[in-house]
Amino acid sequence: MTTEFALDLSLARRKAGFVQSDIAHLLASHQSRVSELEHGGKLPTLTEIVTLSLIYGRSFESLFSMIMADARRDLQKRVGTLPKDVRNFVGTFNRSASIERLRDRLAAEETDHGGP
């Protein structure tokens, strides 16, 4: 997990004036879980992501921008290495167009979000 995310999460909590036990209570979790998230030891679950976004009044994208950037970069690499010799049949009719749309969308998002 990215260190920037963990630091951002810790900073958001401190800026809001909460202690880890407050966030743990609001997440229906334990203080040790909040500590793991803030130290980069674990990734949050989807429910934790949504709840943290609500707690801090920040969008998912702003709170987890580094994770989104990492996922975007990794996906761009993987989409470029998809097998090319896939058997054509009714179930793969839209495959090429979908791959191209995904490439375009990732490139546009990279530009929109300050990528290279």
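- Here the CG-OH distance, from L26 to Y56, works out to 8.5 Å after rounding to the nearest 0.5 Å.
- For the atom pair CG (L75) and CZ (R103), the distance works out to 10.5 Å, reported to the nearest 0.5 Å.
- Note on residues 80-97: no pairs pass side chain to side chain donor-acceptor pair (under 3.5 Å), not counting sequence neighbours.
- Taking CG of L37 as the start and OG of S29 as the end, the distance is 7.5 Å to the nearest 0.5 Å.
- Under the 4.5 Å side-chain heavy-atom criterion for grouping Ile, Leu, Val, Met, Phe, Trp and Tyr, L82 is connected to L106 within one hydrophobic cluster.
- In terms of hydrophobic clustering, with Ile, Leu, Val, Met, Phe, Trp and Tyr side chains grouped at heavy-atom distances under 4.5 Å, L54 and I23 are assigned to different clusters.
- Considering only heavy atoms from C-beta on, L43 stays 4.5 Å or farther from I49 through its side chain.
- For residues 16-35, every residue pair satisfying the salt bridge (charged side-chain N to carboxylate O under 4.0 Å, His left out) rule, not counting sequence neighbours, is listed here: R33-E36, R33-E48.
- Taking OG1 from T45 and CG from L27, the interatomic distance works out to 8.0 Å, rounded to the nearest 0.5 Å.
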May I have the list of side-chain donor-acceptor pairs in residues 5-17 shorter than 3.5 Å, sequence neighbours left out?
| from | atom 1 | to | atom 2 | distance (Å) |
| --- | --- | --- | --- | --- |
| D8 | OD1 | R58 | NH1 | 3.4 |
| D8 | OD2 | R58 | NH2 | 3.3 |
| R13 | NE | E38 | OE1 | 3.3 |
| R13 | NE | E38 | OE2 | 2.6 |
| R13 | NH1 | F18 | O | 3.0 |
| R13 | NH2 | E38 | OE1 | 3.0 |

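- Judged as a side chain to side chain donor-acceptor pair (under 3.5 Å), and not counting sequence neighbours, the contacts of Q31 are Q20.
- Closest of all the heavy-atom pairs between S53 and S59 is OG-C, 4.1 Å.
- Between atom CZ of residue R105 and atom CZ of residue R72 there is a gap of 11.0 Å, rounded to the nearest 0.5 Å.
- Remark: R101 engages no residue in a salt bridge (charged side-chain N to carboxylate O under 4.0 Å, His left out) (not counting sequence neighbours).
- More than 12 heavy atoms of other residues, nucleotides or ligands shown are found within 6.0 angstrom of CZ on F89.
- Under a hydrophobic clustering in which Ile, Leu, Val, Met, Phe, Trp and Tyr are joined whenever their side-chain heavy atoms come within less than 4.5 Å, directly or via other members, I99 and V86 fall into different clusters.
- Take S21 and apply the side-chain contact (heavy atoms from CB on, under 4.5 Å) test, not counting sequence neighbours, and it matches V19.
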